[in-house]
Amino acid sequence: MSFELPQLPYAYDALEPYIDARTMEIHHSKHHAGYTNNLNNAIAGTDFEGKSIEDILKGCKDNPAVRNNGGGFWNHSLFWNIMGPNSGGQPSGALADAINAAFGSFDGFKETFSKAAATRFGSGWAWLCVKDGGTVDVCSTANQDNPLMDLGCGGTPILGLDVWEHAYYLNYQNRRPDYINAFFHIINWDAVSANYEAAK
Ligand code: MN
């Protein structure tokens, strides 16, 4: 069994004007496809073959090809699913309670998350993670690393923002803070809440 590139749950242009269609098409059909193919090649014939992607991430820190491409496969699979058209706003229910407990308010969360994304030097991701007892935390990791690798805050990511230049450069060039602000208009909080319920 090999990993397959997940289909986008919406059209390439569905996130306009916040993320442009050309960026989405290249990001999904070239970058994510590349991570997927390279992951399959990297695990072929190794002890990783046949394991779940989560188990692979937990045990791959010493294998650069599996670490980079396994992370790339998982991270983008999450990323597409926590965005959507007609989204944005704020979470509700148990996730909102956890965010308020950790950051004081939604605005406090937004500030902390945005800072994590803006200050990640070079390429990487900002994350909202679930930890023991259903508490939430924000961190960032480099490259295609992931907290499931026992990096960053070490929780289970339920929301992630790709801050590699390939994620925003066509539309935003060097203006990463503008891209981060735009992201908040397209977060699908129903999907993030479902991730929270599954992970807590
Ligand atoms: Mn990416």
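Because only heavy atoms are used, hydrogens play no part in the values below, and waters and symmetry mates are left out as well, while side chains stay in. Just follow the structure's listing: the first ligand is 1, and inside any ligand the first atom is 1.
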Could you pull out every donor-acceptor pair under 3.5 Å between side chains of residues 138-152 and any protein atom, sequence neighbours left out?
unit_1 : atom_1 : unit_2 : atom_2 : d
Ser140 : OG     : Arg120 : NE     : 3.2
Ser140 : OG     : Arg120 : NH2    : 3.1
Thr141 : OG1    : Trp127 : NE1    : 2.8
Thr141 : OG1    : Asp145 : O      : 3.0
Gln144 : OE1    : Asn75  : ND2    : 3.1
Gln144 : OE1    : Trp125 : NE1    : 2.8
Gln144 : NE2    : Tyr35  : OH     : 2.9
Asp145 : OD1    : Arg67  : NE     : 2.8
Asp145 : OD2    : Arg67  : NH2    : 2.9
Asn146 : OD1    : Leu148 : N      : 2.7
Asn146 : ND2    : Asn75  : OD1    : 2.8

| message | With 2.8 Å as the limit, count the protein N, O or S atoms near the Mn ion (ligand 1). | response | 4
| Got Phe183 and Ile19 here, is their nearest side-chain heavy-atom distance under 4.5 Å? | no
| field | Minimum heavy-atom distance between His28 and Pro6, given as atom pair plus value | value | NE2-O, 2.7 Å
| request: Report, as yes or no, whether the 6.0 Å neighbourhood of atom NZ on Lys61 holds more than 12 heavy atoms from other residues, nucleotides or ligands. | output: yes
| request: Test side-chain contact (heavy atoms from CB on, under 4.5 Å) on His76 and His27 and set out the steps. | output: CA-CA 9 Å; His76 291 86; His27 203 173; 3.0 Å; yes
| Neighbour count above 12 (heavy atom, 6.0 Å) for Glu25 CD | yes
